[in-house]
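Structure, as structure tokens:
Naming convention: chains lettered A, B, ... in sequence-line order (proteins, then strands); numbering from 1 in each chain. Keep in mind that this is a model prediction, so the values were computed, not measured.
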There are 2 protein chains.
Amino acid sequence: MPSTSALPDTGKEAAHVPQYLALRDRIAEGIESGKLAPGGRLPSERQLQLDSGAARGTIREALFQLEAEGLIYRRDRSGWYVSPPPVTYDPTRWAGFMTYVTEQGRTPSTETLSTEEVPAAPAVADIFRVAPGSRLYVVTRRRLIDGRAVLVERITVDPKLAPGLCEHSLNGSLTQILSSHYGLAVVRNRMDMRPCALVKDVADGLGVKAGTPGLLVVRTSLDKQGRVVEYDQEYWRHDSIRVHVDLTVKD
Amino acid sequence: MPSTSALPDTGKEAAHVPQYLALRDRIAEGIESGKLAPGGRLPSERQLQLDSGAARGTIREALFQLEAEGLIYRRDRSGWYVSPPPVTYDPTRWAGFMTYVTEQGRTPSTETLSTEEVPAAPAVADIFRVAPGSRLYVVTRRRLIDGRAVLVERITVDPKLAPGLCEHSLNGSLTQILSSHYGLAVVRNRMDMRPCALVKDVADGLGVKAGTPGLLVVRTSLDKQGRVVEYDQEYWRHDSIRVHVDLTVKD
DNA sequence: TAGTGGTCTAGACCACAGA
DNA sequence: CTGTGGTCTAGACCACTAG
């Protein structure tokens, strides 16, 4: 019995591939083959609709998929773009953002969004071993690679260890300042990492939609006396970072 | 001029909150308040439709949002469920999965999906410093916490270091076996972590939809002589893991 | 078999970016 | 101003889970 389909029979009862995944594959191929360069812009959703004949919802499903994979990202109401490659982050090397991004042939930059002195919430007070309500410096910064915002961070520092910190220019290496101006040397580094969704605050700072996937890296830097030098919460775009650790085993 | 809206005026020109985010908030509140216990099931999408009056697409947007945040997960065509809390993973402690999951008051289990002997691809051959095409053991396992699959891993081992490995039961600690039966002691651990999307293979193993967000952890374990004891690619559900590292600074 | 989520359509109006 | 993505509706049929 002949097939009623106009399409050729593959001879294999191939598992049904949803349309949005087929579309995803086509776009991904365009990216991997280099037809679309990193930073380059994809055709608009409505254009893709015309090209593929699919409904816009289906198109968007394919785009969301690629976004989750880190292949593309969006600029709000501007369009979809091909993601640049991620940078590698090694927390065991005490090199700051500016250093390791440069080492990887990219151009880092930093913007200070705010510097405040705020009363310590109980959880933070506990970390710094100060009384709840004590004043702490909180610096909010945005860091960019090749002009694209990749992370928003919130750094907390105890003013007792670094009085007058906020008078410095904080657009360079904060580690550098803490070390050279205040003699604070970090000998221990505690880190927590977990996938998260970027909440509105952060998302706005990165110019992404609230709820897009991200990676939260929390670093606690300690000096020889075990004092907390720096408590840093970094919210990364999920497509911009790879963490690499090389370590000798304890236990 | 009086408002034509039937809704009370808040007095604040509150930023417009999309309907799906408002719905997200309502569900999130239900979870955080404990009305919905971890592992518990959410009302069906169609039920939520009746409750909220929104279109199903809007309901699903809210659910996707919560999924991205790690608050809920789905079982294909069965329903949406509240995510259990994540486990903390410390790569500097040489404790295996079975150990640290148990320590955190959860119940681990392991299933071996396959054990094969395959020719080394160039990239892998390079890691093991063997000729491309050399035979290597590849073990695929699924690991569960409290009966829920949280990761699929693909472990590669050089048969020269652990001949006959596949004859052992591999549902326990592989590290243990390598140590006690073959005298292979790991002294160095290299790790790479990055957010990813789970491809079909892995997604099927975890019982999730292809493309859901995940975390890829690649571990390379080395012994005193610098030989690769174990090369392990772990694909985690993104809501199931937190990585914690505590280290002394090199540079 | 009944109910669930998975996929898909074909519209609509909006807020905002950018020329 | 035009075009972009962001949100939303109201349907439809399918594949699969689970009782």
Side-chain angles (χ1 to χ4, degrees), chain A residues 5 13-25 27 40-68 72-82 147-149 197-198 200 203-204 206-212, chain B residues 5 13-25 27 40-68 72-82 147-149 197-198 200 203-204 206-212:
Chain A
S5 165
E13 66 287 329
H16 177 61
V17 174
Q19 197 174 329
Y20 77 92
L21 284 182
L23 181 53
R24 182 226 89 98
D25 291 344
I27 299 175
R41 191 171 160 200
L42 269 62
S44 76
E45 295 177 4
R46 275 143 180 119
Q47 184 58 49
L48 290 170
Q49 239 180 305
L50 295 177
D51 298 347
S52 68
R56 194 169 150 223
T58 305
I59 306 285
R60 282 170 67 79
E61 253 173 305
L63 295 170
F64 293 158
Q65 176 70 31
L66 289 160
E67 182 190 42
I72 64 175
Y73 68 100
R74 38 185 152 171
R75 294 222 296 259
D76 195 75
R77 268 165 264 260
S78 156
W80 293 88
Y81 299 81
V82 178
R148 176 184 177 227
L198 302 174
K200 185 164 187 330
D204 288 350
L206 293 177
V208 304
K209 221 191 55 155
T212 49
Chain B
S5 165
E13 65 286 331
H16 177 60
V17 174
Q19 197 174 331
Y20 77 92
L21 284 182
L23 180 52
R24 181 226 89 100
D25 290 344
I27 299 175
R41 189 167 162 205
L42 269 61
S44 76
E45 294 177 2
R46 275 140 180 123
Q47 184 57 50
L48 290 169
Q49 238 181 306
L50 294 178
D51 298 347
S52 68
R56 195 171 150 222
T58 305
I59 305 284
R60 284 171 65 79
E61 251 173 308
L63 295 171
F64 294 158
Q65 176 70 31
L66 289 161
E67 183 190 42
I72 64 176
Y73 69 99
R74 37 185 153 170
R75 295 222 296 260
D76 195 76
R77 270 165 264 258
S78 155
W80 294 87
Y81 300 80
V82 178
R148 176 185 176 225
L198 301 175
K200 185 164 189 331
D204 287 350
L206 292 176
V208 305
K209 220 191 54 156
T212 48

Rounded at 0.5 Å granularity, tell me how far CG in A:Leu198 sits from NZ in A:Lys209.
11.5 Å
Measure from the side chain of A:Arg46, starting at C-beta and using heavy atoms only, and say which of C:dT9, D:dG5, C:dG18 lies closest.
D:dG5
Measure CZ/A:Phe64 against P/C:dG6 and give the value in whole Å, please.
16 Å
Both B:Arg74 and A:Ala54 contact DNA chain C. Taking the nearest nucleotide for each, which residue is further toward the 5' end?
B:Arg74
Would A:Arg148 count as a cation-pi partner of A:Tyr73, with NZ or CZ less than 6.0 Å from the six-membered ring centre and within 45° of the ring normal?
yes
Can a side chain N or O of B:Thr58 be found less than 4.0 Å away from OP1 or OP2 on D:dT7?
no
Report yes if a side-chain nitrogen or oxygen of B:Arg77 is closer than 4.0 Å to either non-bridging phosphate oxygen (OP1 or OP2) of C:dG3; otherwise report no.
no
Minimum-distance nucleotide to A:Asp76 side chain [options: C:dG6, D:dT4, D:dG6]:
D:dG6
Is the base of D:dG6 touched by the side chain of A:Arg56 through a donor-acceptor pair closer than 3.5 angstrom?
yes
Phosphate oxygens OP1/OP2 of C:dT4: is one of them under 4.0 Å from a side-chain N or O of B:Ser78?
no
Roughly how many Å is it from NE2 in B:His16 to P in C:dC16, rounded to a whole number?
10 Å
Among C:dA12, C:dG5, D:dA18, which is the nearest nucleotide to the side chain of B:Trp80?
C:dG5
Between CD of B:Glu45 and P of C:dC8 the distance, given in whole Å, is 16 Å
Got a donor-acceptor contact below 3.5 angstrom from the A:Arg41 side chain to the A:Ser78 backbone?
yes
Distance in Å, A:Leu23 CG paired with A:Leu66 CG, rounded so as to fall on 0.5 Å steps:
8.0 Å
Looking at B:Gln19, I'd like to know whether one of its side-chain N or O atoms comes within less than 4.0 Å of OP1 or OP2 on D:dT9.
yes
Can you check the A:Arg41 CZ to D:dT4 P distance for me, whole Å?
7 Å
I need the CD-P distance between A:Glu61 and D:dG5, as an integer number of Å.
16 Å
What is the distance from OH of A:Tyr20 to P of D:dC14, rounded to the nearest Å?
18 Å
Worked check of side chain to side chain contact (heavy atoms under 4.5 Å, CB included) between A:Asp204 and A:Lys200
CA-CA 6 Å; A:Asp204 288 350; A:Lys200 185 164 187 330; 2.6 Å; yes
What is the distance, to the nearest angstrom, from the NZ atom on B:Lys209 to the C1' atom on D:dC16?
15 Å
Strand partner of D:dT2, provided both Watson-Crick or wobble distances fall under 3.5 Å:
C:dA17
Do A:Leu63 and A:Leu42 have side chains that approach each other closer than 4.5 Å (heavy atoms only, starting at C-beta)?
yes
Please state how far atom CZ in A:Arg24 lies from atom C1' in C:dC8, giving the value in whole angstrom units.
19 Å
Would you mind telling me which of D:dT4, C:dT4, C:dT7 lies closest to the side-chain atoms of B:Ser44?
C:dT4
5' precedence on DNA chain C between A:Leu21 and A:Tyr81 (nearest-nucleotide basis):
A:Leu21
If the cut-off is 4.0 Å, is B:Gln47 near the phosphate of C:dG3, judged by side-chain N/O to OP1 or OP2?
no
